[in-house]
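Starting from 1, each residue takes its place in the sequence as its number. Please read these numbers as outputs of a predicted model, since none were measured by experiment. The figures that follow rest on heavy atoms only: side chains count, while hydrogens, waters and symmetry mates do not.
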Amino acid sequence: MTTRALITTTDAGTRRRPRRPQAADVPPRAMAPGPLARVFGIIALVVATLYFLVPVYWLIVASTKSNTDLTTTFGFWFADWNLGANYDSLMGWTQGLFWRWVGNSLFYSVSAGVIGTLFAVMAGYAIAKFAFPGKRIAVGVIMAGLLLPVALLTVPLYIEFDALGLTNTAWAIIIPSAVSPFGVFLGMVYAQSSVPTELLEAARIDGAGEARIFFTIVMRLLGPAMVTIFLFIFVATWNNFLLPLMMISSQDLKPVTLGLYGMMSYFAPDKGAVMLGALLGVIPLIVLFFTLQRYWRSGLAAGAVKG
């Protein structure tokens with residue numbers, strides 16, 4: 001019995017080389033921005049970057065200062081390092097409940113984000129791909145919900161939840177925050193453009209039910225929209241102040257926004273400790289954005305080109 005050795009050779013000339021820019025990739029000269037437009041564009045980007053980053057930098061600097069240094073030193077540079085004392089003061093003022101408040105905010109935001117995203121894409125997909133009586137009325141109600149300010153609905157919500165006995169519970173925060181007219185609208189628009197009707201008909205011909213089609217096909221196609229909706233609901237729930245102020249009275253159920261407001265309501269509060277609490281309270285949002293950014297961008301890029 002003989003054994004043959006298989007030898008594979010690779011030609012250096014047949015290796016895939018990076019694609020060079022072609023003339024077709026360059027936009028027409030009539031559409032290309034001029035030098036003045038480029039300068040204004042760069043200036044606008046720099047101003048926008050400073051607008052968003054300078055407050056964060058100032059918050060980092062302020063969280064390391066004492067009350068005296070906050071008023072007597074330059075605001076955008078460090079003074080005597082007081083970070084450890086501010087953290088001890090933060091724990092003392094909050095009676096050790098600060099991290100519990102952060103956990104409450106995380107629980108409320110994640111729960112409302114997951115529930116709200118699921119229901120938003122389900123409703124948006126149904127409106128986009130199904131014909132049913134009252135469809136135009138449903139779209140009109142959703143658009144009206146986009147125009148109503150959240151503060152206008154807080155008092156009616158409190159009356160309803162108080163009648164149901166749900167005030168001072170986690171549901172008083174999660175249920176109202178999970179309702180997102182913008183999420184339904186975004187899911188509807190994205191389903192109209194990203195979910196082919198032919199694909200749904202082929203799945204129905206193969207015997208798939210509507211629930212299986214949605215959870216195995218549609219949800220994958222709506223991935224970028226779901227990430228966007230989740231981020232909007234998460235941030236809105238995390239930053240919400242008026243709703244917890246009306247609904248929550250227990251110290252153990254407060255979110256971090258309401259807890260920090262309680263610190264500022266004291267006479268002569270330790271402002272450096274409050275700044276440190278605000279900085280620690282915004283870190284989960286920063287981590288969330290950096291974590292979900294790649295999924296958001298990859299999903300958008302995957303659906304940008306057909307073929």
* Are the side chain of Thr237 and the backbone N or O of Ala112 linked by a donor-acceptor pair below 3.5 Å? -> no

* Taking all non-hydrogen atoms of both residues into account, name the closest pair between Ile233 and Ser180 and its distance. => CD1-CB, 3.8 Å

* Side-chain donor/acceptor of Thr257 to backbone N/O of Asn240, under 3.5 Å -> yes

* To do: Please indicate whether Leu147 has more than 12 foreign heavy atoms, meaning atoms of other residues, nucleotides or ligands, lying under 6.0 Å from its CG.
  => yes

* Using a cut-off of 6.0 Å, state whether more than 12 heavy atoms not belonging to Phe185 lie near its atom CZ. => no

* **Verdict with reasoning, Tyr158 to Thr154, per side chain to side chain contact (heavy atoms under 4.5 Å, CB included)** => CA-CA 6 Å; Tyr158 173 78; Thr154 303; 5.7 Å; no

* Asked: Would a 4.5 Å heavy-atom cut-off, applied to side chains only, mark Thr73 and Asp80 as touching?
  -> no

* Asked: Between Tyr190 and Tyr125, is the gap from one ring center to the other below 6.0 Å?
  -> no

* To do: Check whether more than 12 heavy atoms from other residues, nucleotides or ligands sit under 6.0 Å from atom CZ of Phe40, and answer yes or no.
  => no

* Asked: Got a sec: does the CZ of Phe290 have more than 12 other heavy atoms crowding it under 6.0 Å?
  -> no

* Are Ile137 and Phe132 linked, directly or through other ILVMFWY residues, by side chains that come within less than 4.5 angstrom of each other? -> no

* So, does Asn104 use its side chain to make a donor-acceptor pair with the main chain of Asp252 at under 3.5 Å? -> yes

* To do: Side-chain contact test, heavy atoms from C-beta onward, threshold under 4.5 Å: evaluate it for Thr94 versus Trp99 and give yes or no.
  => no

* Do you know which two heavy atoms are closest between Met188 and Ala128, and how far apart they sit? -> O-CB, 3.6 Å

* **Short side-chain to backbone donor-acceptor contact, Thr228 and Pro224, under 3.5 Å** => yes

* Quick one: are Ile43 and Val47 in side-chain contact, heavy atoms under 4.5 Å? -> yes

* Is there a donor-acceptor contact under 3.5 Å from the side chain of Lys129 to the main chain of Val195? -> yes

* Asked: Is Trp101 reaching over with its side chain to a backbone N or O of Gln251, donor-acceptor style, under 3.5 angstrom?
  -> yes

* Heavy-atom neighbours of Arg204 CZ exceed 12 at 6.0 Å -> yes

* So which heavy atom on Ala273 is nearest to which on Ser89, and how close? -> CB-OG, 3.8 Å

* Verify same cluster id: Leu70, Leu280 (apolar side-chain graph, 4.5 Å) -> no

* Measure from the side-chain N and O atoms of Ser111 to the backbone N and O of Tyr108, and report whether any donor-acceptor pair falls under 3.5 Å. => no

* **Heavy-atom closest contact (Val61 atom, Gly75 atom, distance)** => CG1-O, 3.6 Å

* Mind checking whether Tyr261 and Val274 have side chains closer than 4.5 Å, heavy atoms only? -> no

* Asked: Do the non-hydrogen side-chain atoms of Phe214 and Val121 ever get within less than 4.5 Å of each other?
  -> yes

* To do: Indicate the ring-plane relationship of Trp81 and Phe78, choosing parallel, tilted or perpendicular according to the 30° and 60° boundaries.
  => tilted

* **Any side-chain heavy-atom pair of Phe119 and Val184 under 4.5 Å** => no

* Structure fact -> Nearest heavy-atom contact between Asn86 and Ser63 is ND2-O, 2.7 Å

* To do: Spell out, as yes or no, whether a donor-acceptor pair under 3.5 Å connects the side chain of Tyr57 to the backbone of Phe76.
  => yes

* **Side-chain donor or acceptor of Trp238 paired with backbone N/O of Val282 under 3.5 Å** => no

* Asked: Is a side-chain N or O of Lys65 found less than 3.5 angstrom from the main chain of Asn82, in a donor-acceptor match?
  -> no

* Asked: Heavy-atom count around Tyr51 OH within 6.0 Å, excluding the residue itself: above 12?
  -> no

* Do Leu243 and Pro176 have side chains that get closer than 4.5 Å, going by heavy atoms? -> yes

* Asked: Got Leu285 and Asn239 here, is their nearest side-chain heavy-atom distance under 4.5 Å?
  -> yes

